[in-house]
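So the structure is just underneath, and the comments pick up after that.
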Number of protein chains: 2
Amino acid sequence: MLYAVFMSAVLPPIPQSQEPVERPGLLQVGTAEEEPCLRADAARNRARLLEAAARLVAEHGAAGVTMEAVATAANVGKGTVFRRFGDRTGLLTALLDHSEKKFQAAFLSGPPPLGPGAHPAERLRAFGCALLRRSADELELQLAAEPSPERRFSVPARRVLFSHVALLLRQAAPHADAELLAHTLMGYLSPVLVHHLTRQCGMPLERLESGWCDLVDRMTATETGPPSAPH
Amino acid sequence: MLYAVFMSAVLPPIPQSQEPVERPGLLQVGTAEEEPCLRADAARNRARLLEAAARLVAEHGAAGVTMEAVATAANVGKGTVFRRFGDRTGLLTALLDHSEKKFQAAFLSGPPPLGPGAHPAERLRAFGCALLRRSADELELQLAAEPSPERRFSVPARRVLFSHVALLLRQAAPHADAELLAHTLMGYLSPVLVHHLTRQCGMPLERLESGWCDLVDRMTATETGPPSAPH
DNA sequence: AAGTTAAACGGACCTCGGTCCGGATCGTAA
DNA sequence: TTACGATCCGGACCGAGGTCCGTTTAACTT
């Protein structure tokens, strides 16, 4: 008993794991229908909520998307929003899900140079430029949908992008630490950086794109000499 | 009048600008004394608050550092905490300020290879490895002190690090877009990435250090061919 | 059609970051 | 020492995210 009290003070409260919340972001090959088999009322409310959220974004910007406001606008209880989307980040992510899947389809199975067929380095360049442009639109939502630091790298959508970059990088620079380089490249494409450079520093998107291509060239250049030891 | 109402709905509420809150992070060359000339009681409370905060971090981790808890532990009102440090991020940043200044001193005026005297590329390698090690300790605090996305690049401490990297980069790779490359490099050293790679992926710090040196080598390698056009 | 159950609902409730302002306190000038 | 004004203090207050749990309801069974 004492042990239980002690543990409960140290460990996270309870796994709980009833987990009815959806995990968007993965491109599913099969049915193009609605994600899971929701109960009729649940599906209806989900649609209402997404519509209401989109309207709020259009009217008051991402900052105006309060969980309570969305619930009210959708004529639904607050608890329902959280049950469906887990948290605010989940809701915002769901709003981005459509464009996300379109993008995944483009580089997974679309035409070259983004899709399969072109040389890896070429695909990398195209990938970055496309992602930069996508981030430039939707910037506000992308920023607002940024998850908390702990989860940032676990988000399915992000893992897909990362894996793709790592894969291309392994082909284009076989002797490098592709995983670390991929993280570096992904950092360059992150919405926060894009926001800072374009909105706060006023850089034109073209400069970011040139920078990306230069970056890819450096990453995939013929191998450097023997690696120098760390300090 | 209508105009005023309209504006007040669009613009941020009021500049307010009474701004008694401190701006830590800059290394001041002159007096090593306490930052501004605070009133006696203010200085006393500031010290109490920092001590209380540090104790809470030690006891319950960064997540246990609630503004109210800190205030209570310091026998001080909640408003006082905000008046002194602005917000939670400010308080956490203040906790890191000492180590921050030590680090700044090391690469601004310390002995080579970190400080002036060594070749730029060499200094860059040393800089990254040192920053990686510093982030590895203090990781929890660094993460908790991460500001909101909009301010992330405006924080003085971060600007100092960035400027330093950009400066060295301009020397080591004169023909590149040093600013963009510097942002890329800084991303590699960001606490969130370090946390993910070391804590969530279990990578040893040595691998991150090797990766950094490799990265620097690629950035400062002899110029690549003519830049390819963006896609 | 009635019964059963798992799922969904809704809103009261909690926590925590952040604001506000009347009142207490310090430093200084007379 | 007293008086005064700038600075600081404190805690009530607010908004928003997130949780909980008693109630309702869709879907399936008999």
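Values below: all heavy atoms of this structure, side chains included; hydrogens, waters and symmetry mates excluded.
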Between [X] ([atom1]) and [N] ([atom2]), how many Å, whole number?
X	N	atom1	atom2	answer
Arg83(A)	dA7(C)	CZ	P	9 Å
Glu68(B)	dG10(D)	CD	P	13 Å
Asp41(B)	dT28(C)	CG	P	13 Å
Leu38(A)	dT25(D)	CG	C1'	15 Å
Arg44(B)	dA24(C)	CZ	C1'	12 Å
Leu49(A)	dG10(C)	CG	C1'	12 Å
Phe85(B)	dC9(D)	CZ	C1'	15 Å
Arg84(A)	dA7(C)	CZ	P	12 Å

If you only use heavy atoms from C-beta on, which nucleotide in [options] is closest to the side chain of [X]?
X	options	result
Ala42(A)	dA8(C), dG17(D), dT7(D)	dA8(C)
Asn45(A)	dC9(D), dC9(C), dA27(D)	dC9(C)
Arg88(A)	dG18(C), dA7(C), dG17(D)	dG17(D)
Thr66(B)	dC16(C), dA8(C), dC9(D)	dC16(C)
Phe82(B)	dC13(C), dG18(C), dC9(C)	dG18(C)
Arg39(A)	dT25(C), dA7(C), dG17(D)	dA7(C)
Met67(A)	dG17(D), dC8(D), dT19(C)	dG17(D)
Ala40(A)	dA27(D), dC8(D), dG18(C)	dA27(D)

Lys/Arg-Asp/Glu bridge criterion (N-O < 4.0 Å) met for Arg125(A), Glu209(A) =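 Not counted as a salt bridge, because no side-chain N and carboxylate O are separated by less than 4.0 Å.
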
Find out whether the Lys NZ or Arg CZ of Arg159(B) is both under 6.0 angstrom from the six-membered ring centre of Phe153(B) and within 45° of the ring's axis.
-> no

Identify the residue among Val165(A), Leu161(A), Leu180(A) that makes a side chain to side chain contact (heavy atoms under 4.5 Å, CB included) with Leu185(A).
-> Val165(A)

Kindly check if the number of other-residue, nucleotide or ligand heavy atoms within 6.0 Å of CD (Gln200(B)) is above 12?
->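 Enclosed: over 12 neighbouring heavy atoms sit under 6.0 Å from CD of Gln200(B).
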
If you find the nucleotide of DNA chain C closest to Thr80(A) and the one closest to Lys78(B), which residue's nucleotide is nearer the 5' end?
->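 Per heavy-atom nearest nucleotide, the more 5' residue is Thr80(A).
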
Return yes if some donor-acceptor pair links the side-chain N/O of Arg123(B) with the main-chain N/O of Phe107(B) below 3.5 Å, else return no.
->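 Here the side-chain-to-backbone pair exists.
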
